[in-house]
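Start at 1 and go down the list; that is how both ligands and their atoms are numbered. Position 1 is the first residue of the sequence; numbering continues from there.
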Amino acid sequence: MSQRRKFIKQSLMGSALFLPGVAASCAQVSPKENTSGEKPLILSTWNHGIPANADAWAKLQETGSILDAVEAGVRNTELDMENLSVGLQGLPDREGITTLDASIMTGDGSCGTVAFVRQVKHPISLARAVMEKTPHVMLVGEGARQFAIAEGFPMEEEKLSPKAQEAYDKWKVTSQYKPIINIENHDTIGMIGIDANGKLAGSCTTSGLAYKMHGRVGDSPIIGAGLFVDDEVGAATATGLGESIIRICGSFLIVELMRQGRTPQEACEEAVKRLVAKNKGINDIQAGFLAINKYGEVGAYAVHPGFNYAQATSQGNVLIDSKSHFTP
Ligand code: ASP
């Protein structure tokens with residue numbers, strides 16, 4: 001890590017609001033969403049967004065590229081051994097195999113995604129390689145894995161992390177197929193950011209729904225569902241039950257609503273309303289959206305309480321509780 005990057009990271013981490021515990025406990029009263037339109041601005045889903053934002057912020061200072069920033073940020077989460085929903089340490093599918101989905105996009109329409117990929121330590125970087133080095137947008141499964149090997153990506157042997165193995169062994173006792181979302185407040189990481197000049201980029205990476213059917217792909221690697229970015233308007237990302245988000249093209253919907261004049265908050269609320277209307281039995285599941293417009297205004301909304309996001313500006317890196325459609 002360069003000295004400069006180390007300094008920025010340390011100074012961000014030194015602020016009281018930066019501490020996840022502190023920020024979380026006063027999130028209702030203290031941290032405020034960015035209404036002043038301050039840029040640069042980086043947002044990401046859930047508690048793990050705090051360290052991810054710190055890395056993204058440091059990368060932005062280092063290279064000046066918002067694309068580099070959103071890639072670097074979520075790479076942090078992809079390596080977080082405590083995290084059971086992102087990266088190779090994530091919970092496996094029903095067969096006991098962890099498969100990963102990721103997407104990356106910039107505001108000029110460039111995008112790359114990978115889905116149902118195994119053994120790749122940094123699916124977000126693989127998605128970026130798809131975007132930059134192939135004529136395609138999406139690679140899946142064995143093809144994506146082979147591309148990773150050919151590109152010299154770090155790979156890992158197929159083996160569950162001790163935490164994931166323990167959870168999987170417990171799950172096998174009943175083997176009930178029940179989506180587990182919004183447990184322990186950490187899920188997919190979706191990150192969207194805008195630089196000082198108004199350039200936007202976003203990233204999204206996940207091990208997907210725990211105990212999914214082998215081959216299942218969620219919203220995260222689907223451009224327009226888990227992520228959508230357009231410099232003319234803004235960006236949006238999603239977390240939660242992927243099927244419900246794909247059904248309404250959630251992130252694309254939010255960007256299009258903003259294009260028609262809605263604020264990011266209004267657009268997120270409308271998307272959740274639509275999601276609830278189009279998904280029967282939604283009471284049991286969680287989905288949340290995060291949005292930013294080209295003016296640096298922020299929106300967030302979820303089906304149920306419990307969704308939060310991390311917001312980094314020059315003022316610090318804070319956790320903010322999202323409002324929700326249903327109340328406790
Ligand atoms: N959206 C992810 C999926 O459905 C799950 C999550 O947010 O954890 O794969």
Side-chain angles (χ1 to χ4, degrees), residues 43-49 52 74 77-78 80 82-94 97-105 113-118 123-124 127 138 140-141 144 163-164 167 171 177-192 202-228 236-254 268 271-272 275 278-279 281-282 284-290 300-304 306-310 322 324:
L43 302 174
S44 54
T45 56
W46 304 110
N47 294 357
H48 51 210
V74 303
T77 326
E78 287 179 340
D80 177 2
E82 292 306 306
N83 195 306
L84 289 176
S85 52
V86 180
L88 288 172
Q89 63 284 352
L91 292 172
D93 63 18
R94 292 182 194 190
I97 300 166
T98 303
T99 65
L100 306 177
D101 300 338
S103 61
I104 196 158
M105 186 167 191
T113 87
V114 292
F116 187 49
V117 65
R118 292 159 75 159
I124 196 64
M138 186 173 206
V140 306
K163 249 182 128 176
W171 174 79
Y177 186 56
K178 191 168 184 308
I180 302 178
I181 290 279
N182 203 18
I183 303 291
E184 294 174 344
N185 254 9
H186 51 70
D187 257 80
T188 293
I189 182 151
M191 177 178 279
I192 47 182
S203 58
C204 191
T205 178
T206 189
S207 53
L209 201 59
Y211 319 127
K212 59 196 174 187
M213 287 175 70
H214 189 61
R216 179 266 190 190
V217 169
D219 60 303
S220 309
I222 310 289
I223 293 298
L227 180 68
F228 197 71
T237 190
T239 178
L241 188 69
E243 285 74 2
S244 70
I245 296 160
I246 293 172
R247 278 188 195 108
I248 62 154
C249 270
S251 295
F252 180 72
L253 173 64
I254 289 168
C268 288
V272 168
L275 184 146
K278 296 285 181 197
N279 288 272
I282 193 78
D284 290 343
I285 59 146
Q286 175 66 306
F289 294 107
L290 198 51
Y301 208 60
V303 176
H304 291 287
F307 174 47
N308 61 5
Y309 63 99
S322 162
S324 59

Output the list of atoms in ligand 1 that are nearer than 4.0 Å to some heavy atom of [X], sorted by atom number.
X: G240; value: 1 (N), 2 (C), 3 (C), 4 (O), 5 (C), 6 (C), 7 (O)
X: G242; value: 3 (C), 4 (O)
X: S220; value: 1 (N), 2 (C)
X: G208; value: 9 (O)
X: L209; value: 9 (O)
X: D219; value: 1 (N), 2 (C), 3 (C), 4 (O)

Query raised in the report: How about N308 and N47: do any of their side-chain heavy atoms sit closer than 4.5 Å?
Result: yes
Query raised in the report: Does E82 offer a backbone N or O that forms a donor-acceptor pair with the side chain of Q89 under 3.5 Å?
Result: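 No; zero donor-acceptor contacts below 3.5 Å.
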Query raised in the report: Judged by atom type as modelled, is there a donor-acceptor pair below 3.5 Å linking the side chain of T113 to the main-chain atoms of M138?
Result: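 A pair under 3.5 Å: no.
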Query raised in the report: Aromatic rings H214 and F116: how do their planes relate, parallel, tilted or perpendicular, breaks at 30° and 60°?
Result: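 H214 vs F116 ring planes: perpendicular.
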Report task. Run the ring-centre check on F252 versus F228 and record whether the distance is less than 6.0 Å. Result ->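 Close enough - the centres of the two rings lie under 6.0 Å apart.
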Report task. Just let me know how T188 lines up against ligand 1, side chain, backbone, both or neither, with a heavy-atom cut-off below 4.0 Å. Result ->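 Near ligand 1, T188 shows its backbone as well as its side chain.
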Query raised in the report: Under 4.0 Å from ligand 1, counting heavy atoms only, is it the side chain of R216, its backbone, both or neither?
Result: side chain
Report task. Identify the residue among L100, L88, T205 that makes a side chain to side chain contact (heavy atoms under 4.5 Å, CB included) with E78. Result ->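 The option that passes is T205.
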